[in-house]
Amino acid sequence: TANFYYNNRDYDFAADTYAAYLRTYPRSPHTERVKLRQAYSLYAQFRGPRFDATPVIDAREQLRALAVQSPQLAAEENIAGLIDQLDRNLARKLYVTGDFYRRTREMEGAAYTFQYLAEAYPDTPEAAMARRDLAALPPDAVASAPAPAISPGYAPPSAAEEAPRI
């Protein structure tokens, strides 16, 4: 049923159905592939940087956990490359958000968002644009913006990391 929804591009139903399968059959030999398809379904729900980023965040976390749980599948499916693509989408989303704050003269919000982007995704083109735009903001807005709390970015799982137990 989940594959039917996925093939018909009903990605929200597909993701929910894959999740139901995982809850019903947690020890199935197909769980890794089901988690992968669920992550693809979540990512396919992302409509662009002007929309909610929840599907990208959920897909990223699902793929990150899958990379830890199944390094062989992660290598076969290039999960690290897909996570990089998701990170680029998140960086683009942050830049669009910061630019919105700048255009609406919410300079502290723009400063915070641009600082967060530059620290969380430093190697992206959006981070370079954010640093450029941050330098153009009024100094008092940059000084009064709270310092962003950065979560650590994706790092490939080490051999010492253990897969989560189901």
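Heavy-atom basis, side chains included; hydrogens, waters and symmetry copies ignored. Note that the structure is predicted; figures quoted are calculated from it, not measured.
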Just wondering, do Val56 and Lys93 contact through their side chains at under 4.5 Å, heavy atoms? no
Side chains of Tyr43 and Asn89: is there a donor and an acceptor less than 3.5 Å apart? yes
Determine the minimum heavy-atom distance between Gln38 and Ala15, stating which atoms define it. NE2-O, 3.6 Å
Tell me every residue that passes side-chain contact (heavy atoms from CB on, under 4.5 Å) with Ala111, counting only those two or more places apart in sequence or in another chain. Leu134, Leu137, Val142, Ala145
Taking the basic N atoms (NZ, or NE/NH1/NH2) and the acidic carboxylate oxygens, is any pair closer than 4.0 Å for Arg103 and Asp99? yes
Any chance you could measure Leu22, atom CG, to Glu32, atom CD, to the nearest 0.5 Å? 11.0 Å
Work out which heavy atom in Val96 is nearest to a heavy atom in Pro49; give both atom names and the distance. CG2-CB, 3.8 Å
Those residues at least two apart in sequence (or on a different chain) that pass side-chain contact (heavy atoms from CB on, under 4.5 Å) with Thr54 are Asp52, Asp58
Evaluate Leu82 against Glu77 for side-chain contact (heavy atoms from CB on, under 4.5 Å), listing each step before the verdict. CA-CA 9 Å; Leu82 185 56; Glu77 297 292 332; over 6 Å; no
Answer yes or no: are there more than 12 heavy-atom neighbours, outside Gln72 itself, under 6.0 Å from its atom CD? no
Where the side chain of Ser70 meets the backbone of Ala67, is there a donor-acceptor pair that is under 3.5 Å apart? no
Any chain of hydrophobic side-chain contacts (each under 4.5 Å) joining Leu36 to Phe4? no
Residue among Tyr116, Phe114, Tyr121, Phe100 satisfying ring pair (Phe, Tyr, Trp, His ring centres under 6.0 Å) with Tyr95: Phe114
Of the non-hydrogen atoms in Pro146 and Gln115, which two are nearest, and what is the gap between them? O-OE1, 3.8 Å
Looking only at heavy atoms, the pair that brings Arg60 and Asp87 closest together is NE-OD1, 2.5 Å
Using side-chain hydrogen bond (donor to acceptor under 3.5 Å, both in side chains), reason through Tyr5 and Ser41 one step at a time and then give a plain yes or no. CA-CA 10 Å; Tyr5 290 132; Ser41 297; over 6 Å; no
Look up atom CD in Glu106 and atom OG1 in Thr113, then write down how far apart they are to the nearest 0.5 Å. 10.5 Å
Determine whether Ser28 and Tyr21 make a side-chain contact, defined as any pair of heavy atoms from C-beta on separated by less than 4.5 Å. yes
Measuring from atom CZ of Arg33 to atom CG of Leu66, what distance do you get when rounded to the nearest 0.5 angstrom? 9.0 Å
Inter-residue atom distance Gln85.CD - Asn78.CG, 0.5 Å rounding: 9.5 Å
Take Tyr6 and Thr17 through the test side-chain contact (heavy atoms from CB on, under 4.5 Å) and record every step on the way to the result. CA-CA 10 Å; Tyr6 186 88; Thr17 308; over 6 Å; no
What closest approach, in Å, do Ala127 and Pro122 show between heavy atoms, and which atom pair accounts for it? CB-O, 3.7 Å
Let me confirm one number: the OG1-CE distance from Thr124 to Met129, rounded to the nearest 0.5 Å. 8.0 Å
Could you check whether atom OH of Tyr101 has more than 12 heavy atoms from other residues, nucleotides or ligands sitting under 6.0 Å from it? no
Linking I/L/V/M/F/W/Y whenever their side-chain heavy atoms sit closer than 4.5 Å, directly or via other members, would Leu42 and Leu73 fall into one cluster? no
Step by step, would you call Glu126 with Leu117 a side-chain contact (heavy atoms from CB on, under 4.5 Å)? CA-CA 8 Å; Glu126 288 81 7; Leu117 170 57; 4.0 Å; yes
Check for a donor-acceptor pair, side chain of Lys35 on one end and backbone N or O of Tyr18 on the other, with a separation under 3.5 Å. no
For residues Ala39 and Ala59, report the shortest heavy-atom separation together with the two atoms involved. O-CB, 3.5 Å
